[in-house]
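Computed from heavy atoms alone, side chains included, the values below leave out hydrogens, waters and symmetry copies. When a ligand or atom number is given, it counts from 1 through the structure's own listing order.
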Amino acid sequence: MDETAKKTVTGGTDSSIPVTETWLRKHRLLYNGATRHPFILSIRDGSVDFSSFKRWLGQDYIFVRSFVPFVASTLVKLCKESSNESDMEVILGGMASLNDEINWFKKQASKYHVSLTSVVPQNANVKYCRFLESLTSSEIEYPVAITALWAIEAVYQESFAHCLEEGNRIPQELQETCERWGNEGFGAYCKSLRDIVDRCLQKASPAEAEVLFLRVVEHEVEFWNMSVGDV
Ligand SMILES: Cc1ncc(CN)c(N)n1
């Protein structure tokens, strides 16, 4: 991160607006590109190509395995920098649900005959996993790491919750997939993460956090692009 990006800036022109709200307003177009991606829209309207779905499944399993050490490193940063008890419960809850997520991927892979041991990570996935690894560095502070964690989870939550909204024509086989991330419990988890980000960045928000938010959203768009074979 260069020196300009490291500079501390205020959250926005109106300090009563939480920082995440400021970013979402400012970067709405890019954010919608991730949460309303053609892959997601095709699940919602039932036109999804199942070979894309299977590609996504195999690649996301690899991603989630790299996501675990990143979440664990965020927990370590919390303990070192503030040890806020309620933040700890939120992150621990997230880690527990990642265990379920990994088992879910294994079950789905066997249902769709995807051999998880033979999946070759594609370029977009390799880059995203490298990015996650870079965030485990001790130079990345807790408020910045938790920002990335919130953004990563929020994109999936909003994408799949959109699939479930009224008027959907989700193929019956994919209903469970949409519910995995679109359910209310996962929504509440993402809201807790968002509240943590807003609290941590209330007084001063490093430009580095906003840059990371944008990079996460870009990686998510690339990940969906890869899933539809558009790389
Ligand atoms: C790429 C990606 N982003 C987010 C998630 C939700 N844990 C996921 N499984 N995969």
Legend entry - Side chains of W104 and E176, donor plus acceptor under 3.5 Å: yes

Legend entry - Nearest neighbour in protein (non-hydrogen) for atom 8 (C) of ligand 1: Y156 CE2, 3.2 Å

Legend entry - Non-hydrogen atoms of C178 and I43 that approach each other most closely: SG-CG2, 3.6 Å

Legend entry - For atom 6 (C) of ligand 1, closest protein heavy-atom neighbour: E153 OE1, 3.0 Å

Inset, instruction - Mark the output for E220 as yes if a heavy-atom distance to ligand 1 is under 4.0 Å, and as no if none is. - result: yes

Legend entry - Any N/O pair Y128/ligand 1 closer than 3.5 Å: no

Inset, instruction - Report yes or no: do H27 and E210 form a side-chain donor-acceptor pair below 3.5 Å? - result: yes

Legend entry - N168 (side chain) donor-acceptor with R44 (main chain) under 3.5 angstrom: no

Inset, instruction - Run the numbers for me: atoms of ligand 1, each under 4.0 Å from some heavy atom of I152, listed by number. - result: 3 (N), 4 (C)

Inset, instruction - For Y142 and N84, run side chain to side chain donor-acceptor pair (under 3.5 Å): C-alpha distance rounded to whole Å, both residues' side-chain angles, the deciding distance at 0.1 Å, then the answer. - result: CA-CA 11 Å; Y142 173 66; N84 180 305; over 6 Å; no

Legend entry - Stepwise salt bridge (Lys or Arg N to Asp or Glu O under 4.0 Å) check, D195 with K191: CA-CA 6 Å; D195 289 343; K191 175 72 174 73; 2.7 Å; yes

Inset, instruction - Would you mind checking if E21 and R194 are paired as a salt bridge, meaning a charged N to carboxylate O distance below 4.0 Å? - result: yes

Inset, instruction - Considering only non-hydrogen protein atoms, determine which one is nearest to atom 10 (N) of ligand 1 and report residue, atom name and distance to 0.1 Å. - result: D60 OD1, 2.6 Å

Legend entry - Heavy atom of H219, distance to ligand 1 below 4.0 Å: no

Legend entry - V64: numbered ligand 1 atoms lying under 4.0 Å from its heavy atoms: 9 (N)

Legend entry - From the candidates F105, F63, Y61, the one that places a heavy atom nearest atom 2 (C) of ligand 1: F63

Inset, instruction - Check each atom of ligand 1 against the heavy atoms of E101 and keep those under 4.0 Å away; list them by number with element. - result: 6 (C), 7 (N), 9 (N)

